[in-house]
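For reference, the structure discussed in these notes is given below.
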Amino acid sequence: MIKAAEKYLGVDVLGKHRLVNYYNANCLPLVDAKRKYRMTYNDNWCAMFTSVAAQQSGLGPDVFPYEVSVMQQLKWAQDNARFTKRVSDVAPGDLILYNWKRNGHCDHVGIVVEVVGDKLKVIEGNKSDTVGYRYVSLPNTQVWGFIKVGPM
C-alpha cells in the first residue's frame with residue numbers, strides 16, 4: 001500500500017481529480033451500501049486517498065475500511081477489532097488517525113510508512129492539498145490512534 005501511495009507524492013490539482021475519479025470508479029463499490037458517497041473535487045480527500053492506495057494494492061473490504069469519512073474508518077476499525085492506541089502495535093501500512101482540533105473527532109488520516117521507536121514517517125493525501133510525508137513523534141495529543149490494515 002505504501003508504494004501505491006508514494007507514486008502520488010506531490011500530486012497537482014489534475015492528479016487529485018484523477019484520484020477522485022479513480023475512487024468513484026473503483027473504490028466506491030467496496031464501501032458499505034449504506035455509506036456510499038460519490039466524491040467531488042471540492043471534498044476533503046485524506047480518507048479517499050488511503051482507500052485508493054489500498055484498492056490499488058489489492059486489499060479487500062474485509063481488511064481495509066473503504067470510506068471517505070475518517071470517523072467512519074474509525075468506526076469500522078472499532079467494529080472489526082482493528083483499532084489500537086498502542087504504537088507498539090503499529091506496522092508500516094497501518095493507518096494513523098489524527099484529531100487536529102482535539103475535540104474528540106478524528107479529522108485526518110494517513111498511512112504509516114515507517115516506525116522507529118516512538119517516531120513515525122507517514123504519507124498523507126490532502127496534506128497542503130497534495131500528497132506528502134509527515135514526521136510524527138509520540139506521544140502526541142493530536143494522534144487519536146491507529147487502524148491495523150491487512151491480514152491479521
Side-chain angles (χ1 to χ4, degrees), residues 1-6 8 11 16 19-20 22-24 26-115 117-152:
M1 188 161 83
I2 295 165
K3 287 185 186 208
E6 288 177 328
Y8 295 104
V11 72
K16 175 186 145 188
L19 281 164
V20 168
Y22 186 94
Y23 174 86
N24 287 335
N26 299 284
C27 300
L28 190 59
L30 302 172
V31 177
D32 183 286
K34 297 178 291 266
R35 288 280 318 153
K36 291 193 186 290
Y37 173 80
R38 190 167 187 76
M39 288 288 294
T40 71
Y41 299 142
N42 295 319
D43 290 329
N44 288 325
W45 53 283
C46 60
M48 177 274 295
F49 175 72
T50 65
S51 292
V52 168
Q55 195 278 338
Q56 290 181 347
S57 300
L59 296 175
D62 56 325
V63 296
F64 186 86
Y66 286 93
E67 184 54 68
V68 296
S69 162
V70 179
M71 287 300 292
Q72 288 297 318
Q73 286 185 316
L74 169 62
K75 182 180 180 325
W76 177 92
Q78 291 169 329
D79 291 348
N80 290 280
R82 289 176 173 266
F83 177 73
T84 184
K85 288 201 173 250
R86 294 187 308 263
V87 70
S88 60
D89 294 340
V90 178
D94 290 340
L95 301 181
I96 181 173
L97 302 169
Y98 301 96
N99 178 16
W100 293 137
K101 298 175 186 172
R102 296 182 181 115
N103 62 2
H105 297 283
C106 296
D107 46 25
H108 191 66
V109 62
I111 302 166
V112 175
V113 173
E114 185 176 33
V115 181
D118 62 352
K119 297 188 183 341
L120 307 175
K121 179 179 180 182
V122 180
I123 189 167
E124 302 170 7
N126 203 26
K127 182 181 185 292
S128 302
D129 209 31
T130 189
V131 175
Y133 291 116
R134 182 182 313 274
Y135 298 88
V136 180
S137 293
L138 299 172
N140 183 317
T141 58
Q142 293 178 313
V143 172
W144 186 264
F146 306 92
I147 297 174
K148 299 297 297 168
V149 172
M152 290 183 64

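The ring pair (Phe, Tyr, Trp, His ring centres under 6.0 Å) search around Tyr98 returns Trp100, His108, not counting sequence neighbours. Among residues two or more places apart in sequence or in another chain, the ring pair (Phe, Tyr, Trp, His ring centres under 6.0 Å) test is passed with Phe146 by none. With sequence neighbours left out, Lys148 forms a salt bridge (charged side-chain N to carboxylate O under 4.0 Å, His left out) with Asp94.
Residue Tyr66 comes nearest to Ser51 through the heavy atom pair CE2-O, 3.3 Å, listed as atom of the first residue, atom of the second, then distance. In terms of heavy atoms, Val70 sits closest to Cys46 at CG2-SG, 3.7 Å. The shortest non-hydrogen separation linking Asp43 to Lys16 is O-NZ, 4.5 Å. Contact record, Ile2 with Val112: CD1-O, 3.6 Å, taken as the closest heavy-atom pair. Tyr8 approaches Val52 most closely through the heavy-atom pair OH-CG1, 4.4 Å. The two residues Ile111 and Ala5 come nearest to each other via the heavy atoms CD1-CB, 3.9 Å.
Partner Glu67 forms a side-chain contact (heavy atoms from CB on, under 4.5 Å) with one of Gln73, Met48, Lys36 and no other, that one being Gln73.
A donor-acceptor pair is defined here as one N or O able to donate and one able to accept, closer than 3.5 Å; no such pair exists between the side chain of Asn24 and the backbone of Arg38. Panel note: side chain Lys85, backbone Trp144; a donor-acceptor pair is recorded below 3.5 Å. At distances below 3.5 Å, not a single donor-acceptor pair connects side-chain atoms of Ser57 with backbone N or O atoms of Leu59. In terms of modelled atom types and a separation under 3.5 Å, the side chain of Arg82 and the main chain of Phe64 share no donor-acceptor contact.
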query = Does the side-chain contact (heavy atoms from CB on, under 4.5 Å) test come out yes or no for Leu74 and Met71, once each step is laid out?
reply = CA-CA 5 Å; Leu74 169 62; Met71 287 300 292; 4.3 Å; yes
inquiry  = side-chain contact (heavy atoms from CB on, under 4.5 Å), that's the test. Do Asp107 and Asn99 meet it? Break it down for me.
reply    = CA-CA 6 Å; Asp107 46 25; Asn99 178 16; 4.3 Å; yes
request  = Apply side chain to side chain donor-acceptor pair (under 3.5 Å) to the pair Tyr37 and Gln72, showing each step before the final yes or no.
outcome  = CA-CA 12 Å; Tyr37 173 80; Gln72 288 297 318; over 6 Å; no
query = Passes side-chain contact (heavy atoms from CB on, under 4.5 Å), Ile123 versus Met1? Steps please.
reply = CA-CA 11 Å; Ile123 189 167; Met1 188 161 83; over 6 Å; no
message = Apply side-chain contact (heavy atoms from CB on, under 4.5 Å) to residues Phe49 and Leu19 and explain how you reach the verdict.
response = CA-CA 7 Å; Phe49 175 72; Leu19 281 164; 4.1 Å; yes
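If you take OH on Tyr23 and OG1 on Thr50, they are separated by 9.0 Å, rounding to the nearest 0.5 Å. Atom SG of Cys27 sits about 7.5 Å away from atom CD of Gln56, to the nearest 0.5 Å. Residue Asp62 holds its CG atom at 10.0 Å from CG of Leu30, rounded to the nearest 0.5 Å. Rounded to the nearest 0.5 Å, atoms OH (Tyr133) and CG (Leu120) are 14.0 Å apart. To the nearest 0.5 angstrom, Asn80 atom CG is 9.0 Å from Lys75 atom NZ. Taking CD1 from Ile147 and CD1 from Ile96, the interatomic distance works out to 11.0 Å, rounded to the nearest 0.5 Å.
Within the 4.5 Å cutoff, the side chain of Leu97 has no heavy atoms near those of the Val143 side chain. At a threshold of 4.5 Å between non-hydrogen side-chain atoms, the residues Trp45 and Asp129 count as touching.
In this model, no donor atom of one side chain and acceptor atom of the other lie less than 3.5 Å apart for Glu114 and Tyr135.
Within 6.0 Å of NZ on Lys127 lie more than 12 heavy atoms contributed by other residues, nucleotides or ligands.
Under the 4.0 Å criterion applied to side-chain N and carboxylate O atoms, Arg35 and Asp32 are not assigned as salt-bridge partners.
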